[in-house]
Undergrad: 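Take a look at the following structure, please.
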Amino acid sequence: MTEDEAVDDELLTIGAFAARARLSAKALRLYDRLGLLPPAQVDETSGYRYYRAEQVERARLVALLRQLDMPLARIAEVVEAPDGASAADRLAAYWADVEARVAGQRTLAEYLRGRLSGRSSEMYGKFEIETVDVPEQVVISEARHVLAGELPAWIGASLGRLEAAARECGGVTAPPFVVYHAEVSTESDGPAESCVPVADEAAARAWAEQHGRGRQTKVSVRPAQRLAYTRITKAQVAHPQILAAFEAVEEWIEGAGLEQAGPCREVYFADWDAAGAQDPVCDVAFPVK
């Protein structure tokens with residue numbers, strides 16, 4: 001008997017099952033190897049795979065999900081869902097992630113088209129640049145190597161931790177900010193440093209000594225400095241939209257005859273959760289001299 005011959009009324013050979021599922025035997029062997037569609041039975045002697053008719057729907061579902069470029073782990077979540085509603089919810093969550101990624105790529109493509117076509121000055125002209133003098137600050141901070149995709153979650157979590165710590169350090173004295181000591185992108189991981197200005201240096205150092213070693217937390221006194229900055233909305237904070245803001249400030253600094261005097265930063269002065277997409281929430285800034 002060959003692997004493609006019929007066995008009995010309950011089991012189907014891989015060839016017969018492939019015909020019903022409208023898939024190739026090669027695809028079924030792949031799904032078996034990936035753990036997505038194991039055979040109902042494997043002959044110990046011959047190694048032939050046999051399937052049950054009720055597995056046809058699962059086989060077709062796996063094939064369709066793969067056409068969505070769904071990662072294997074996400075496919076497993078869908079096909080192993082306890083019921084159809086749960087499976088549909090998991091598919092919807094995956095597709096929302098896909099659409100968000102495509103939207104980001106579309107925005108990046110538009111940004112790059114502007115640069116390549118020589119419309120950079122037009123893009124930069126949309127930003128109003130100002131300067132502000134910042135006094136000396138006692139800062140409690142947390143540093144991490146982080147990629148662009150991980151950055152929003154890390155910023156929210158790290159600033160939350162530092163603002164909670166600030167309650168034991170005399171309170172927050174100025175808007176929190178994030179300093180980029182090197183490029184953060186899909187390929188470069190910084191590091192970035194979340195910073196919260198606090199009132200009591202001694203209390204901050206005591207807190208960092210007791211609680212901060214696991215997250216590269218430190219306390220420093222930042223000297224007074226002048227910042228060149230532009231104010232952006234919540235929608236503009238997303239990558240890559242924010243790149244145009246950074247480049248606009250850099251171009252303004254050069255045009256004003258100033259020099260950059262330190263790494264760039266994002267200063268978060270508004271309630272992020274309460275803000276709408278078009279509400280100002282952040283200053284993109286460079287120290288200058």
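Note that these values count all heavy atoms, side chains included, but never hydrogens, waters or copies made by symmetry.
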Undergrad: Heavy atoms, side chains only, cut-off 4.5 Å: are L68 and Y94 in contact?
TA: yes
Undergrad: Charged N to carboxylate O under 4.0 angstrom, E80 versus R58?
TA: yes
Undergrad: Once ring pair (Phe, Tyr, Trp, His ring centres under 6.0 Å) is applied, do any residues pair with F177, and if so which ones, sequence neighbours excluded?
TA: none
Undergrad: Search all heavy atoms of S194 against all heavy atoms of V178 and return the closest pair with its distance.
TA: OG-CG2, 4.0 Å
Undergrad: Output, in order, the C-alpha distance, side-chain angles, deciding distance and verdict of side chain to side chain donor-acceptor pair (under 3.5 Å) for S86 and D83.
TA: CA-CA 5 Å; S86 298; D83 52 56; 2.9 Å; yes
Undergrad: Starting from V134 and following side-chain heavy-atom contacts under 4.5 Å between hydrophobic residues (I, L, V, M, F, W, Y), which residues can be reached?
TA: V132, L227, Y229
Undergrad: Once rounded to the nearest 0.5 Å, what's the spacing between atom CD of E163 and atom OH of Y268?
TA: 12.0 Å
Undergrad: Mind checking whether L162 and F269 sit in one hydrophobic cluster, side chains of I, L, V, M, F, W, Y counted as touching below 4.5 Å?
TA: no
Undergrad: Under a 3.5 Å distance rule, please check whether R205 uses its side chain to pair with a backbone N or O of V219 as donor and acceptor.
TA: yes
Undergrad: Treating R90 as the side-chain partner and E77 as the backbone partner, does any N or O pair qualify as donor plus acceptor under 3.5 Å?
TA: yes
Undergrad: Is there a donor-acceptor pair under 3.5 Å between the side chain of D279 and the backbone N or O of G276?
TA: yes
Undergrad: Distance-only, no hydrogens or angles: does the T217 side chain make a donor-acceptor pair with backbone N or O of A208 under 3.5 Å?
TA: no
Undergrad: For the residue pair L28 and Y51, establish whether any side-chain heavy-atom pair is separated by less than 4.5 Å.
TA: yes
Undergrad: Apply side-chain hydrogen bond (donor to acceptor under 3.5 Å, both in side chains) to D273 and list each qualifying residue two or more places apart in sequence or on a separate chain.
TA: none
Undergrad: Can V179 be reached from I242 by stepping across I, L, V, M, F, W or Y side chains whose heavy atoms are under 4.5 Å apart?
TA: no
Undergrad: Between atom CZ of R167 and atom CH2 of W207, what is the distance when rounded to the nearest 0.5 Å?
TA: 11.0 Å
Undergrad: Are side-chain heavy atoms of F127 and I232 found at a separation under 4.5 Å?
TA: yes
Undergrad: Taking all heavy atoms of C282 and all of E266, pick out the closest pair and write down the distance.
TA: SG-CB, 3.7 Å
Undergrad: State the CZ-CZ distance between R49 and R29, to the nearest 0.5 angstrom.
TA: 6.0 Å
Undergrad: Throw together a table of side-chain donor-acceptor distances under 3.5 angstrom for residues 139-151, partners on residues two or more places apart or in other chains.
TA:
from : atom 1 : to   : atom 2 : distance (Å)
S141 : OG     : E193 : OE2    : 2.7
E142 : OE1    : R161 : NE     : 3.3
E142 : OE2    : R161 : NH2    : 2.6
H145 : ND1    : D189 : O      : 3.4
E150 : OE1    : L147 : N      : 3.0

Undergrad: Please check: side-chain N/O of S158 versus main-chain N/O of I155, any donor-acceptor pairing under 3.5 Å?
TA: yes
Undergrad: Dump the intermediate steps for side-chain contact (heavy atoms from CB on, under 4.5 Å) on R66 and I75, then the final yes or no.
TA: CA-CA 8 Å; R66 282 177 60 80; I75 291 178; 3.5 Å; yes
Undergrad: Show your reasoning for whether side-chain contact (heavy atoms from CB on, under 4.5 Å) applies to R222 and V138.
TA: CA-CA 6 Å; R222 307 293 170 97; V138 176; over 6 Å; no
Undergrad: Apply side-chain contact (heavy atoms from CB on, under 4.5 Å) to the pair L65 and R60, showing each step before the final yes or no.
TA: CA-CA 9 Å; L65 293 173; R60 292 176 179 174; over 6 Å; no
Undergrad: Pairs under 3.5 angstrom only: tabulate donor-acceptor contacts from the side chains of residues 254-264 to other protein residues two or more places apart or in another chain.
TA:
none

Undergrad: Closest heavy-atom contact between A59 and A21?
TA: CB-CB, 4.0 Å
Undergrad: For a 4.5 angstrom cut-off between non-hydrogen side-chain atoms, does D32 reach L30?
TA: no
Undergrad: Where is the tightest heavy-atom contact between V196 and P176, given as atom of each residue plus distance?
TA: CG2-CB, 3.9 Å
Undergrad: Quick check: does any side chain N or O of Q55 sit under 3.5 Å from a backbone N or O of P38, one acting as donor and the other as acceptor?
TA: yes
Undergrad: Do L37 and F17 make a side-chain contact, defined as non-hydrogen atoms from C-beta onward lying under 4.5 Å apart?
TA: yes
Undergrad: Roughly how far apart are Y50 OH and L11 CG, rounded to 0.5 Å?
TA: 8.5 Å
Undergrad: Tell me, which pairs form a side-chain hydrogen bond (donor to acceptor under 3.5 Å, both in side chains) where one or both residues lie in residues 33-44, sequence neighbours left out?
TA: D43-S46
Undergrad: Please say whether more than 12 non-hydrogen atoms of neighbouring residues, nucleotides or ligands are located less than 6.0 Å from CD in E136.
TA: yes
Undergrad: Any chance you could measure C195, atom SG, to L159, atom CG, to the nearest 0.5 Å?
TA: 8.5 Å
Undergrad: Within the structure provided, determine whether Y180 and R265 are in side-chain contact (heavy-atom separation under 4.5 Å).
TA: no
Undergrad: Could you tell me if the side chain of V281 sits less than 4.5 Å from the side chain of W272, heavy atoms only?
TA: yes
Undergrad: Kindly work out whether a path of hydrophobic side-chain contacts (I/L/V/M/F/W/Y, heavy atoms less than 4.5 Å apart) joins L64 to M70.
TA: no
Undergrad: Specify the closest pair of heavy atoms between I253 and A228, including all atoms of both residues, with the distance to one decimal.
TA: CG1-CB, 4.0 Å
Undergrad: A quick test of your reading: do over 12 heavy atoms of other residues, nucleotides or ligands sit less than 6.0 Å from CD of E54?
TA: yes
Undergrad: Let's go through F246 and F286 carefully: what are the C-alpha distance in whole Å and the side-chain angles of both, what is the deciding distance for side-chain contact (heavy atoms from CB on, under 4.5 Å) to 0.1 Å, and is it a yes or a no?
TA: CA-CA 9 Å; F246 278 108; F286 287 81; 3.8 Å; yes
Undergrad: Looking at P175 and P197, what are the two nearest heavy atoms and their distance?
TA: O-CD, 3.7 Å
Undergrad: With a 4.5 Å cut-off on side-chain heavy atoms, are R52 and L12 touching?
TA: no
Undergrad: About how many Å separate CD of Q236 and OG1 of T230, when rounded to the nearest 0.5 Å?
TA: 8.0 Å
